[in-house]
Visitor: 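Encoded as structure tokens, here's the structure I'll be asking about.
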Amino acid sequence: MAANLMLRAGVDAAGGFALGGATQILHALVKLFMQPLFALGFGIYFLASVVWFRVVATEPLSVAYPALVSLTFTLVTGGAVFLFGEPLSLRKVIGLAVILTGIVIVSLEKGTA
């Protein structure tokens with residue numbers, strides 16, 4: 001979740017990221033990786049992927065994946081509001097509450113199966 005926020009901050013600091021020809025893409029990627037927050041976010045994302053591989057190998061995917069996604073939705077939304085000043089509407093709050101409620105229901109199933 002922190003990695004997503006760092007990637008976003010790095011993209012902002014680099015002036016954005018637009019697709020074009022191969023040369024433009026390569027130039028944009030070099031520019032992104034020159035931004036410390038982007039590079040750190042990328043590294044953290046890689047480490048998180050390694051942890052995720054372990055989770056996939058040891059936990060039921062039908063429980064682990066929804067839990068990851070719900071945490072990502074919630075924490076990235078909160079970070080975007082506090083760090084980037086993005087608006088938090090009642091609709092978003094209700095949507096997050098519905099997602100989290102669904103995850104709780106799915107997670108409770110783990111104990112009964």
Side-chain angles (χ1 to χ4, degrees):
M1 283 62 53
N4 288 313
L5 297 170
M6 287 180 190
L7 288 171
R8 165 66 190 272
V11 169
D12 287 351
F17 183 77
L19 295 178
T23 304
Q24 265 185 316
I25 292 171
L26 183 60
H27 181 266
L29 288 172
V30 168
K31 196 172 174 183
L32 284 175
F33 279 100
M34 296 300 289
Q35 291 297 325
L37 281 175
F38 184 87
L40 183 60
F42 192 85
I44 291 171
Y45 213 87
F46 173 77
L47 292 175
S49 295
V50 172
V51 171
W52 178 245
F53 300 153
R54 177 68 177 153
V55 170
V56 168
T58 59
E59 298 297 325
L61 191 57
S62 63
V63 174
Y65 187 74
L68 172 73
V69 171
S70 68
L71 283 172
T72 301
F73 279 149
T74 305
L75 296 176
V76 170
T77 298
V81 169
F82 290 110
L83 297 175
F84 302 115
E86 293 185 10
L88 181 63
S89 65
L90 180 60
R91 180 178 288 198
K92 284 182 186 177
V93 171
I94 292 170
L96 290 170
V98 169
I99 290 168
L100 292 174
T101 301
I103 297 309
V104 168
I105 291 168
V106 169
S107 296
L108 290 176
E109 183 181 310
K110 181 179 178 186
T112 61

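Here, residue 1 is the first one in the sequence, and each next residue gets the next number.
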Visitor: Under the side-chain contact (heavy atoms from CB on, under 4.5 Å) rule, what do Ile44 and Met6 come out as? Steps first, then yes or no, please.
Guide: CA-CA 9 Å; Ile44 291 171; Met6 287 180 190; 3.7 Å; yes

Visitor: Hydrophobic cluster membership, with links at side-chain heavy-atom distances under 4.5 Å among I/L/V/M/F/W/Y: are Val76 and Leu83 in one?
Guide: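 Val76 clusters together with Leu83.
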
Visitor: Less than 4.5 Å apart, side chain to side chain, heavy atoms only: is that true for Val63 and Glu59?
Guide: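 Sidechains of Glu59 and Val63: no contact.
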
Visitor: Tell me the closest heavy-atom pair linking Ala64 and Val55, and the distance in Å.
Guide: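 Closest approach of Ala64 to Val55: CB-CG1, 3.6 Å.
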
Visitor: Quick one: list whatever passes side chain to side chain donor-acceptor pair (under 3.5 Å) with Glu86, sequence neighbours left out.
Guide: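 Partners of Glu86 by the side chain to side chain donor-acceptor pair (under 3.5 Å) criterion, ordered by chain and then number, come out as Arg8.
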
Visitor: Could you name each residue pair satisfying salt bridge (charged side-chain N to carboxylate O under 4.0 Å, His left out) that touches residues 68-78, not counting sequence neighbours?
Guide: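 Found none.
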
Visitor: Give the table of side-chain donor-acceptor pairs shorter than 3.5 Å for residues 88-104, with sequence neighbours excluded, one pair per line with atom names and distance.
Guide:
unit_1 : atom_1 : unit_2 : atom_2 : d
Ser89  : OG     : Lys92  : N      : 3.2
Lys92  : NZ     : Pro87  : O      : 3.0
Thr101 : OG1    : Ala97  : O      : 2.8

Visitor: Sorted by first residue and then second, give each ring pair (Phe, Tyr, Trp, His ring centres under 6.0 Å) pair with at least one member in residues 57-90; sequence neighbours left out.
Guide: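 Matches after skipping sequence neighbours: none remain.
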
Visitor: Could you tell me which non-hydrogen atom of Ala3 sits nearest to which non-hydrogen atom of Gly41, and how far apart they are?
Guide: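 Ala3 and Gly41 have their closest heavy atoms at CB-O, 3.4 Å.
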
Visitor: Could you give all pairs that pass the ring pair (Phe, Tyr, Trp, His ring centres under 6.0 Å) test and reach residues 7-48, with sequence neighbours left out?
Guide: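 Passing the test, one end in residues 7-48: Phe33-Phe38, Phe33-Phe42.
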
Visitor: If two hydrophobic side chains count as joined below 4.5 Å and joins carry through other members, does Leu19 share a cluster with Leu7?
Guide: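 In one cluster with Leu19: Leu7, yes.
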
Visitor: Minimum heavy-atom separation for Ala14 and Leu32, please, with both atom names.
Guide: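 Distance-wise, the nearest heavy atoms are CB-CD2, 3.7 Å.
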
Visitor: Is the backbone N or O of Gly21 less than 3.5 Å from a side-chain atom of Gln24, with the two atoms forming a donor-acceptor pair by type?
Guide: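 At least one qualifying donor-acceptor pair exists.
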
Visitor: Just jot down the side chain to side chain contact (heavy atoms under 4.5 Å, CB included) partners of Leu68, sequence neighbours excluded, or say none.
Guide: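 Applying side chain to side chain contact (heavy atoms under 4.5 Å, CB included) to Leu68 gives Trp52, Thr72.
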
Visitor: Shared ILVMFWY cluster between Met34 and Leu40, side chains joined below 4.5 angstrom?
Guide: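 Shared cluster, no.
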
Visitor: Please confirm whether the backbone N or O of Leu71 pairs with a side-chain atom of Thr74, one donor and one acceptor, at under 3.5 Å?
Guide: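 The answer is no, because no donor-acceptor pair under 3.5 Å joins these two groups.
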
